[in-house]
Amino acid sequence: MTHSTLAATPAGPPSLEELLARPTALDAAITPDGGRLAVLRMDRSNGGRNAFVTLSDADKLNAPPTQVAIGDCEVEKIAWVNNERLLVWVLLDKDAKGKVAGRPWKGDVLTQITRRIISMDRSGQNLALLFANQTYALNTRRNLGSVVDLKSSDPNCILMQAWNSQHGAYALYRVNIVTGEAILQEMGAFSTDSWLTQDGVPVLRLDSTGSSVSVYARAPGETAWKFFRKFRRDEFDKLDGMDFLSVSDKPGVLYASIAGTETEDKASIRTFDVRTFGIGAPIGARPDFDVTGCVTDAEGRLVATRWVEDRVVYDFVDPDLAKHYRGVRAYFGNECNLSLVDFNTDKTRLVFLVSGPRHVLSYWFYDRRAAKLEPLAVDRPNLTQGRLARMDILKVRARDSLPITAYLSLPPGSGDAPTPLVVMPHGGPEARDAYRFDSMVQAFCAQGWSVLQVNFRGSAGYGRAFARGGLAHWGDLMQNDVEDALAAAIERTNIDQARIAICGISYGGYAALMGAVKTPERYRAVVSIAGDSDLFESLAMVREMEGADSLTYAYWKEQMGDPAKDRKLLATASPALQAQAIRAPVLLQHGALDGIVGVEQSRRMQRALKSAGRQVEYIEMPTEGHPMWKHPNHVQMVTRSVAHIAKAFA
């Protein structure tokens, strides 16, 4: 396997500015014929901002690429529709005069982001703005960037959805990628928010009310929609229990990730027939991990199933492709996640996204026939492996013998000297940490601190029983898992036990507060970002927003506890009701517009800590919702967290 060498860069711990900088490499794509490569880039030098696309001949990557300027804006992604036309998703955040679009709000600006798609030909010329003929939509709609299907009945057209003001609902449009002309194809219902289409024809429709989603199916050749089932949409915009992933190569058959059941504990990929509502047998199921993703080609043929162990793992249908994938992964020392981004029609030329704890992000081109691997774009090349923290995987037994996984990141150059430690529980709680690059983890490690992340019971990815093991155990068993992983890290690594802090976002913010309640002698500093503090109030907010009989309220009652039956449990698990137990200084940060964890949660915690005579600082961001925040505010969030912990560690 041959490859090109990446340039070396300076050594030494990276600054917060380097670690928290916005990415410069954003996406890469290859034409179906495998002859043309496109890379989406940003030049952020000297405080400026310039988006551009580079176009290269896949057989002449050493030749200078064609560079196509997009301009002073943010960009999201790219995709080849066919061998001749490339789409670029553009985010506009300035008005015609170059000022930030939005309105002032409590010392900040409520930014208005406008999403558009431009199309260009293979050489980067003949640009077209999609929806070019829809003047009213271009002037009033903020999002004209939702592609439903890159295929339609016309090879020069794609399917997109956009709000139709005349009917007061979302509609499907057939959009010409050469001229930009959009023609109405089908109206949705009043509550429709998305479709899944096969060969340009809708076969699945999702209608939303709050966090509840009603799914309707329509078989090819039929005209009437049939109701299938109602689901809860989780915080990651996935359908809880059954997430539809893509269409297959069989008419009316889709691929979906089906959550584990009492008889089959792990999630798996299955087929779903829109005609009969029949669900097929598990595909690529694993005995130890949830399989939640799949890769299909342009014709809907299954290429691979995908899951996360510690790193990303693929199970390829083609054994030869699997062999080449293993070879590329081995080239990176099996230290990175190797994600398949794009491939040509015969899958002999592939584009990979490579990332890991000590590898921020890069795009690579691989030619199977030549066994040749070449870099296309490296994000922030100044952040080399030697400057970043390595991550160790810890296999831990909780006090009740439950096996759990934790990740311990160690600052570069720490050697055998004792290091301070930040415990960093993840959000969700039905999410998970993994072996990957995390800018906040690296920001802490750059200060000379180690960081511990724990996949406590209740986390996703390990099956139904493991996820349900956290139900109504926020304040005890889940917190015990964090403490047991901390004890294991202390036993196996030289940790300065006099300097340990805890920091988290969302559920992680709750766990940070709860850790300071349960083991106050352990922590020198606490940072809670958008964390729950009063579970009674959390449940009351969900009930008010979603309804007492909603799937969402039922889910959170099961997660936290039923306020009608479990009052003692909820009180014991609410940090705001036990603020007097906390000894360490607390930093609270919250977005005033947070619709997932209401801002009142941090306000209550602040009042409780002040009443208990404890040291607390509270920062409220007036224009932010639930993290992730706008980049400048995210930088402030991390910078404040570092400063708060550093002061306690001094």
- [ ] Go through the side-chain N and O atoms of E430 and Y555 and say whether any donor and acceptor fall under 3.5 Å apart.
- [x] yes
Open item on the list: Any non-hydrogen side-chain atom of L61 less than 4.5 Å from a side-chain atom of F365?
Closed with: yes
Open item on the list: Whether the N156 and N176 side chains hold a donor-acceptor pair (N or O, under 3.5 Å, no angle test) is what I'd like checked.
Closed with: no
TODO: Consider only side-chain N and O atoms of W307 and T305, and report whether a donor and an acceptor are under 3.5 Å apart.
DONE: no
TODO: With side chain to side chain donor-acceptor pair (under 3.5 Å) as the test, would you mind laying out the steps for T292 and K238 before giving the verdict?
DONE: CA-CA 11 Å; T292 56; K238 295 182 178 181; 5.4 Å; no
Task: Any side-chain donor near an acceptor of the partner, D154 and S152, under 3.5 Å - done: no
Task: side chain to side chain donor-acceptor pair (under 3.5 Å) between D346 and T348, worked out - done: CA-CA 6 Å; D346 65 7; T348 57; 2.6 Å; yes
Open item on the list: For a quick check under 3.5 Å, do R36 and S56 share a side-chain donor-acceptor pair by atom type?
Closed with: no
Task: side-chain hydrogen bond (donor to acceptor under 3.5 Å, both in side chains) involving N82 - partner list, sequence neighbours excluded - done: none
Open item on the list: Quick check: closest heavy atoms across R436 and D433, and the distance to 0.1 Å?
Closed with: NH2-CA, 3.9 Å
Open item on the list: Whether the S339 and N337 side chains hold a donor-acceptor pair (N or O, under 3.5 Å, no angle test) is what I'd like checked.
Closed with: no
TODO: Give a yes/no verdict on a cation-pi contact between R115 and W89, requiring under 6.0 Å between NZ or CZ and the six-membered ring centre and an angle within 45° of the axis.
DONE: no
Task: K226 NZ/CZ over F277 ring centroid, <6.0 Å and within 45° of normal - done: yes
TODO: Run the numbers on H626 and D594 for side chain to side chain donor-acceptor pair (under 3.5 Å), then give the verdict.
DONE: CA-CA 5 Å; H626 203 63; D594 196 327; 2.7 Å; yes
Task: Enclosure of R543 CZ (heavy-atom neighbours >12, cutoff 6.0 Å) - done: no
TODO: Check the pair Y255 / F244 against ring pair (Phe, Tyr, Trp, His ring centres under 6.0 Å), numbers first and verdict last.
DONE: CA-CA 6 Å; Y255 288 114; F244 297 95; over 10 Å; no
Task: Polar side chain donor-acceptor pair, T271 to K250, under 3.5 angstrom - done: no
Task: salt bridge (charged side-chain N to carboxylate O under 4.0 Å, His left out) between K151 and E299, intermediate numbers included - done: CA-CA 10 Å; K151 296 174 62 177; E299 303 305 319; 3.6 Å; yes
Open item on the list: Show the nearest heavy-atom pair for residues L302 and V317, with the distance to one decimal.
Closed with: O-CG2, 3.4 Å
- [ ] Please test S211 against M545 for side-chain contact (heavy atoms from CB on, under 4.5 Å), starting from the C-alpha separation and ending with a verdict.
- [x] CA-CA 9 Å; S211 296; M545 291 177 61; over 6 Å; no
TODO: Under the side chain to side chain donor-acceptor pair (under 3.5 Å) rule, what do E18 and N382 come out as? Steps first, then yes or no, please.
DONE: CA-CA 8 Å; E18 290 177 284; N382 54 310; 2.7 Å; yes
Open item on the list: Side chains of S214 and D207: any donor to acceptor distance under 3.5 Å?
Closed with: no
- [ ] Output every pair passing ring-ring contact (aromatic ring centres under 6.0 Å, His included) with a member in residues 120-171, not counting sequence neighbours, ordered by first then second residue.
- [x] F131-Y173, W163-Y170
TODO: Give the C-alpha distance, both sets of side-chain angles, the deciding distance and a yes or no for side-chain contact (heavy atoms from CB on, under 4.5 Å) between R122 and T31.
DONE: CA-CA 9 Å; R122 189 181 179 97; T31 51; 3.9 Å; yes
